[in-house]
Amino acid sequence: MQLDELKKSMSTLEQVLAKTNSDIKIDVSTSQTAKSKILNKFRQGFVSCIILAVVFTAMALGNVETQSFPNYLKIGMAVCLAVGAVWYVFIYFKLNRIDIAALTPANLFSKTANIKLMMISGEVFFIVCLVVFFTLLFQSFWSYNQIGFWAMAATLLFAIVYGIVYMWPQYMKLFRDLNSIKE
């Protein structure tokens, strides 16, 4: 399946390179639909980050389970999630300002590539934050709450598989549709 997508992408690239900028037409309806779906995913990410940041802050202020889940980890996670919410707002407004119908194909491809790069670099930053967080949290949970440790490990494994199998292909398809051209 990925080989077929790669072949199609390569043939589209060859067609684009063979034409001049005036010969290429953006499929505005498909691009607008993809843009609205990506913006919706960014809004969902923002809301999720804010809700979880509030939950971790409330847990830190309420001293919930401080032995197996220390307050410094709760506060660190709340700060990381708040930064994630700000990041989602930033890339939301950056993508929202793109007027697909008014841009030339080269400008559209450039702007969407920049947004994709910002999205990937932000995701990498937050993955590093999560790795540090879970590394410290696993040590605490192993010492004080082994059932919680295994439940957290299983949930984390499920989240990783779900993200790789379900979420990333959706984002890739939406960004591909955002740059769709009329054949």
Side-chain angles (χ1 to χ4, degrees), residues 1-6 8-9 33-96 112-179:
M1 175 142 171
Q2 289 179 344
L3 184 60
D4 293 334
E5 289 180 20
L6 181 63
K8 183 182 178 203
S9 179
T33 302
K35 178 182 172 183
S36 65
K37 287 180 180 180
I38 293 170
L39 290 173
N40 186 36
K41 288 193 176 290
F42 289 167
R43 280 191 301 270
Q44 289 172 350
F46 165 76
V47 169
S48 299
C49 284
I50 287 296
I51 289 171
L52 288 173
V54 168
V55 167
F56 278 108
T57 303
M59 287 175 63
L61 293 175
N63 284 331
V64 175
E65 199 63 39
T66 56
Q67 192 173 20
S68 61
F69 195 4
N71 278 341
Y72 70 90
L73 289 175
K74 295 173 202 163
I75 293 168
M77 195 61 183
V79 168
C80 186
L81 287 165
V83 169
V86 170
W87 172 75
Y88 273 119
V89 168
F90 174 74
I91 61 173
Y92 176 88
F93 284 120
K94 193 95 165 148
L95 179 60
N96 198 29
T112 57
N114 285 338
I115 290 173
K116 192 187 310 185
L117 181 63
M118 284 190 290
M119 185 182 129
I120 290 171
S121 61
E123 293 285 335
V124 167
F125 171 77
F126 292 113
I127 287 171
V128 169
C129 287
L130 288 174
V131 166
V132 169
F133 171 76
F134 280 109
T135 300
L136 296 171
L137 187 61
F138 276 154
Q139 293 171 359
S140 267
F141 263 67
W142 184 254
S143 299
Y144 298 107
N145 188 354
Q146 289 192 357
I147 293 172
F149 170 83
W150 289 111
M152 186 172 49
T155 304
L156 187 60
L157 181 64
F158 173 77
I160 290 169
V161 169
Y162 178 77
I164 291 171
V165 171
Y166 183 73
M167 295 301 291
W168 271 105
Q170 281 186 351
Y171 273 113
M172 290 187 316
K173 182 187 180 310
L174 287 174
F175 272 105
R176 196 175 314 115
D177 289 348
L178 187 61
N179 291 331

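Worth saying up front: this structure is predicted, and the values here are computed from it rather than measured.
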Identify each donor-acceptor pair in which a side-chain atom of residues 70-80 lies under 3.5 Å from a protein atom, sequence neighbours left out, and give them as a table.
{"residue": "Asn71", "atom": "OD1", "partner": "Lys74", "partner atom": "NZ", "Å": "3.3"}
{"residue": "Asn71", "atom": "ND2", "partner": "Asn63", "partner atom": "OD1", "Å": "2.6"}
{"residue": "Lys74", "atom": "NZ", "partner": "Val64", "partner atom": "O", "Å": "2.2"}
{"residue": "Lys74", "atom": "NZ", "partner": "Phe69", "partner atom": "O", "Å": "3.1"}

* Mind checking salt bridge (Lys or Arg N to Asp or Glu O under 4.0 Å) for Lys173 and listing every partner two or more places apart, or none if nothing turns up? => Asp177

* Fit a plane to each ring of Tyr162 and Phe158, take the angle between them on a 0 to 90° scale, and name the class: parallel (under 30°), tilted (30 to 60°) or perpendicular (over 60°). => parallel

Give the table of side-chain donor-acceptor pairs shorter than 3.5 Å for residues 149-156, with sequence neighbours excluded, one pair per line with atom names and distance.
{"residue": "Thr155", "atom": "OG1", "partner": "Ala151", "partner atom": "O", "Å": "2.8"}

* Listed by chain and number, what are the side-chain hydrogen bond (donor to acceptor under 3.5 Å, both in side chains) partners of Lys35, not counting sequence neighbours? -> none

* Give, for atom CG of Leu178 and atom OG1 of Thr112, the distance between the pair rounded to the nearest 0.5 Å. => 5.0 Å

Distance-only criterion, 3.5 Å: show the donor-acceptor pairs between side-chain atoms of residues 38-61 and protein atoms not counting sequence neighbours.
{"residue": "Lys41", "atom": "NZ", "partner": "Gln170", "partner atom": "OE1", "Å": "2.6"}
{"residue": "Arg43", "atom": "NH1", "partner": "Tyr92", "partner atom": "OH", "Å": "3.1"}
{"residue": "Ser48", "atom": "OG", "partner": "Gln44", "partner atom": "O", "Å": "2.9"}
{"residue": "Thr57", "atom": "OG1", "partner": "Ala53", "partner atom": "O", "Å": "2.7"}

Do any side-chain atoms of residues 118-133 form donor-acceptor pairs under 3.5 angstrom with protein atoms, and if so which ones, sequence neighbours left out?
{"residue": "Ser121", "atom": "OG", "partner": "Leu117", "partner atom": "O", "Å": "3.0"}
{"residue": "Ser121", "atom": "OG", "partner": "Met118", "partner atom": "O", "Å": "3.0"}
{"residue": "Glu123", "atom": "OE2", "partner": "Tyr88", "partner atom": "OH", "Å": "3.4"}

* **Phe138, CZ: over 12 other non-hydrogen atoms inside 6.0 angstrom** => yes

* **Inter-residue atom distance Leu174.CG - Arg176.CZ, 0.5 Å rounding** => 9.5 Å

